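Before any comments, here is the structure.
Just so it is clear, the structure is predicted and the values come from calculations on it, not from any experiment.
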Amino acid sequence: MSEVLNVESMAYLHKALSFLQDLFESMGIPEDQRLERMEVVKSLLDTIIAEEENKKMRLLENIALYRKQLDTLCFELNVEHFQEEEGITMLQLKKDLSIQLEVRLKQKEDRLCELKRLQEQDQAFCELLHTSPYSMDRGSVPSLEELDQFRCYLATLAETKACRQEEFVSAKRQILLLMEELDYAPDTSLEKDVSRGDEDTSDLSLEKLAALHDLLHRLEVLRAENEIVCEELHAQIQKLWNELQVPCEERETLAILMTDSLTKRRKVLQSEVDRLEELKIENLKKVIEAVREELSLYWEKCFYSQDQREAFAPYYSEDYSETLLQLHDAEVVQLKHYYEVHRELFEGIQKWEENWKLFLEFERKASDPSRFINRGGNLLKEEKQRARLQKTFFKLEEELKTQIELWEQKYSKDFVVNGQKFLEYVMEQWEMHRLEKEKAKQERHLKKSQQIEIEMFYGSAPRIPSKREGLGSRITGKVLKSSWNIGSPEQKMLNTSQREHNRTIDLDESVLSNGYSQLSLLQTDFQIHSIDSTYSEFMQQEFSEASKSDHSSGTFTCPNIES
C-alpha cells in the first residue's frame with residue numbers, strides 16, 4: 001500500500017511540477033523568477049518535510065514515554081510487560097500503547113481503591129478490637145494475591161468480631177443476672193456501664209472482655225460463697241430445728257421466704273440462725289440432752305465399754321453451758337468419723353450380736369417344755385432356722401476374725417469391743433452363756449432335791465395318768481401309791497427314793513415314746529467344762545460332752561444346735 005502511495009505521490013509531484021513549468025512558460029515568466037518561485041516550492045516542501053519529521057519525532061517520543069509508563073505500571077501491577085506486534089506503524093504502536101496504558105492505569109486505580117476500602121475496614125476493626133493495622137506497603141500498588149490475603153485477614157477479623165460480640169453480650173447478661181441475684185451495687189465505671197443494660201459493643205478489645213470475665217468471675221465466686229454460706233446456714237438451721245424440736249409449721253414458714261435473691265435469702269437464713277441460737281441458749285439443757293442421746297447412740301454403735309464412756313467426763317456434768325455443748329458436739333463429730341472409718345467392722349459385729357441374740361433365743365426355746373407341743377410343725381421350723389443359723393454364724397465369726405486381724409496389723413493396735421479384744425469378748429459371751437446354763441442346771445437340781453425332800457417328809461399325792469403316759473408309767477404310779485401308804489418310816493423313805501427313780505424312768509420312757517427325748521435329755525444333761533473361744537470350738541465341745549453322756553448313761557441323745 002505504501003509503495004502505491006509513494007508512486008502516486010511521485011507521479012502527482014512530477015505532474016504538478018510539469019504543470020507549473022508549463023504555466024511559467026505560458027505566462028512568459030523569466031528564468032530567474034522561475035528559479036525564485038521554484039525555491040518557494042522547495043521551501044514549502046522543506047517545511048512540510050520538517051513538520052512531518054517533527055511529528056515523527058514527537059510520535060517516537062510519545063511511544064517511548066508510553067512504553068516507559070506502561071513498563072512501570074506493569075511492574076507495579078506485577079503483570080507481564082506489553083509485547084509489541086511486529087511490522088506495525090508508529091501510529092498504531094502509539095495507539096496500542098495508549099490503550100494498554102489506559103487499561104493498566106484503570107487496574108491500578110481499581111486496586112488502589114480496593115486497598116483504600118480494605119484499609120478503612122481494617123481501621124474500623126482496629127478501633128473496635130484494638131488490633132494493629134494490617135501490615136502492607138502503603139507506597140506500592142498491591143497485587144491481586146495481596147488483596148486476597150487482605151480480604152481473608154479482614155474476614156478473620158469479622159469472625160473475631162462476631163465471636164467477641166456474642167461473648168460480650170453473653171457475659172454482660174450473666175453479670176446482670178448475678179448483680180440482680182446478689183443485689184450487687186455497681187462501683188467501678190465498667191460495672192456501671194454494664195448495669196445500664198444497653199448492649200453497646202463499640203469496644204470489643206481483649207482488655208474489655210478480660211475485665212468483663214474478671215467481673216463475671218468475681219460475681220460467680222461471690223455467688224458461690226453466698227451459696228456455701230446459705231447451705232451451711234441451712235444445715236445449721238436443720239440441726240438446730242432437730243435439736244430444738246421445732247414444729248413443721250414453723251419450718252414451712254422459712255421456705256416461703258426463700259424465693260428472693262441470694263443475698264436476701266442469706267440474710268433470712270442468718271436471721272433464723274441467730275433466732276435459733278438464742279432459743280438454743282435458752283434451751284441449752286434440752287439441746288445437750290439431745291446431743292447426749294446421739295452420743296449414746298454412737299457409743300452403742302461403736303461398742304464402747306463403760307470405762308470408755310466414763311472417760312468422757314462432760315457427759316456426766318450438770319453445768320449446762322455453751323462450752324459443755326461444744327465439747328459434746330466435738331465428741332459426736334469424732335465418734336461419727338470413727339464409726340464411718342470402721343463402719344464395715346462395726347456392722348459385722350452388730351450382725352454377730354443379732355445372731356448371738358437369736359442363738360440365745362433358740363437356747364431359751366430349747367429349755368421350754370411347751371415347745372414339744374408341735375402344733376403346725378413349729379418344732380420342725382425352729383430346727384431348720386437353727387440349722388441355717390449354724391451355717392451363717394460360723395462363717396460370720398471367721399470373717400470377722402480375719403478382718404480384725406488385718407485391721408490390727410494395719411493400725412498396730414488391738415480392735416476393742418466393749419473394752420475388750422473382739423475374740424476375748426466372744427469368749428466372754430460364751431463363758432457367760434455356759435455359766436448361766438450351769439446356774440440354771442444347778443437351780444433345777446436344787447429344786448428337784450427340795451421336791452424330793454418334801455415328798456420324803458410329807459409323802460407324794462397320787463398322780464392322774466395322762467394320755468401321753470405309757471403302760472410302764474401307770475404301773476409305776478400304782479406301785480408308788482401302795483408304797484406311800486404302807487410300811488415304816490424307813491420303808492417310806494426307801495419307797496420315796498425308789499418312786500423318784502421310777503418317775504425319772506417314767507419321764508424318759510414317756511418322752512421317748514413321743515419322739516422328743518433327743519432334745520430334752522440334751523437340755524438337762526448338757527455341760528461345758530472349758531471356755532469356748534469360737535463358735536466352732538463350742539460345737540465341738542457340745543458333741544464331745546454329748547458323746548460322753550451317751551456312753552455313761554447308755555441312752556441315745558442328740559446335741560442341740562447352738563447356733
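- The heavy-atom pair separating Ile175 from Leu212 by the smallest distance is CD1-O, 3.5 Å.
- If you run ring-ring contact (aromatic ring centres under 6.0 Å, His included) between Phe346 and each of Phe415, Trp352, Trp407, only Phe415 comes through.
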One pair to check against side chain to side chain donor-acceptor pair (under 3.5 Å): Ser170 and Gln174. What are the steps and the verdict?
CA-CA 6 Å; Ser170 175; Gln174 294 180 50; 3.1 Å; yes
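- Summarising the geometry of Leu209 relative to Leu204, their closest heavy-atom pair is CD1-O, 4.3 Å, with the distance given to 0.1 Å.
- The local environment of CD in Glu340 is crowded, with over 12 non-hydrogen atoms from other residues, nucleotides or ligands closer than 6.0 Å.
- In this pair, Tyr304 and Tyr338 present their aromatic rings perpendicular. The plane angle is above 60°, beyond the 30 to 60° band.
- Counting heavy atoms from C-beta on, the side chains of Leu77 and Lys108 come closer than 4.5 Å.
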The test is side chain to side chain contact (heavy atoms under 4.5 Å, CB included); show your working for Leu178 and Glu181 and say whether it passes.
CA-CA 5 Å; Leu178 288 173; Glu181 186 176 2; 4.0 Å; yes
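- In this structure, OG on Ser135 lies 10.0 Å from CZ on Phe150, to the nearest 0.5 angstrom.
- Between Asp274 atom CG and Leu269 atom CG the span is 11.0 Å, to the nearest 0.5 Å.
- Going from atom CG of Asp122 over to atom OH of Tyr153 covers 5.5 Å, rounded to the nearest 0.5 Å.
- The side chain to side chain donor-acceptor pair (under 3.5 Å) contacts involving residues 315-332 comprise Arg292-His328, where partners must be two or more places apart or lie in separate chains.
- Salt-bridge check for Arg117 with Glu114: passed, with a basic side-chain N closer than 4.0 Å to an acidic carboxylate O.
- Within the 3.5 Å criterion, the main-chain N or O of Pro247 finds no donor-acceptor partner in the side chain of Glu250.
- Between Leu295 and Phe312, some side-chain heavy-atom pair lies under the 4.5 Å cut-off.
- For residues 210-234, the side chain to side chain donor-acceptor pair (under 3.5 Å) pairs, not counting sequence neighbours, are Glu167-His213, Asp214-Arg218, Asn226-Arg266.
- With contacts defined as side-chain heavy-atom distances shorter than 4.5 Å, the pair Leu206/Arg164 qualifies.
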Arg151 and Asp148: CA distance, side-chain angles, deciding distance, salt bridge (Lys or Arg N to Asp or Glu O under 4.0 Å) verdict
CA-CA 5 Å; Arg151 292 190 192 94; Asp148 289 339; 2.6 Å; yes
Test log, rule salt bridge (Lys or Arg N to Asp or Glu O under 4.0 Å), inputs Lys106 and Glu109
CA-CA 5 Å; Lys106 183 67 170 59; Glu109 183 179 1; 5.8 Å; no
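- Taking 4.0 Å as the cut-off between side-chain N and carboxylate O, Arg275 and Glu278 do not count as a salt-bridged pair.
- Annotation: the span from Leu435 atom CG to Glu431 atom CD amounts to 4.0 Å, rounded to 0.5 Å.
- Closest approach of Ala211 to Leu190, counting heavy atoms only: CB-CD2, 3.5 Å.
- Each of His81, Glu80, Gln69 was evaluated against Cys74; a single residue qualifies, His81, per the side chain to side chain contact (heavy atoms under 4.5 Å, CB included) test.
- Taking 4.5 Å as the limit, some side-chain heavy atom of Val246 sits within range of a side-chain heavy atom of Leu276.
- In this structure, the side chain of Arg104 does not engage the main chain of Leu73 through any donor-acceptor pair within 3.5 Å.
- A donor-acceptor pair under 3.5 Å is absent between the side-chain atoms of Ser271 and the main chain of Lys267, judged by distance alone.
- Between atom CZ of residue Arg251 and atom CD of residue Glu272 there is a gap of 10.5 Å, rounded to the nearest 0.5 Å.
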Determine all donor-acceptor pairs shorter than 3.5 Å in which one atom belongs to a side chain in residues 88-101; sequence neighbours excluded.
from: Thr89; atom 1: OG1; to: Gln92; atom 2: N; distance (Å): 3.2
from: Gln92; atom 1: NE2; to: Asp96; atom 2: OD1; distance (Å): 3.0

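- Here the closest heavy-atom approach between residue Asn78 and residue Ser143 is recorded as ND2-CB, 4.4 Å.
- Relative to the six-membered ring of Tyr339, Lys336 misses at least one condition, a distance below 6.0 Å or an angle of at most 45° to the axis.
- Counted within 6.0 Å of NZ on Lys351, heavy atoms from surrounding residues, nucleotides or ligands total 12 or fewer; the atom is thus considered open.
- When all heavy atoms are compared, the tightest approach of Ala185 to Glu191 is O-OE1, 4.4 Å.
- When only modelled atom types and interatomic distance are considered, Arg309 and Gln306 share no side-chain donor-acceptor pair under 3.5 Å.
- When the shell of 6.0 Å around CD of Glu120 is examined, it contains more than 12 heavy atoms from other residues, nucleotides or ligands.
- Here the side chains of Glu277 and Gln236 are in contact, with some heavy-atom distance below 4.5 Å.
- Atom CG in Asn283 sits 4.5 Å away from atom CG in Leu279 (nearest 0.5 Å).
- When the shell of 6.0 Å around CD of Glu166 is examined, it contains 12 or fewer heavy atoms from other residues, nucleotides or ligands.
- Between the side chain of Arg265 and the main chain of Cys230, no donor-acceptor pair closer than 3.5 Å is present.
- You'll find the side chain of His130 stays beyond 4.5 Å of the side chain of Lys208, heavy atoms only.
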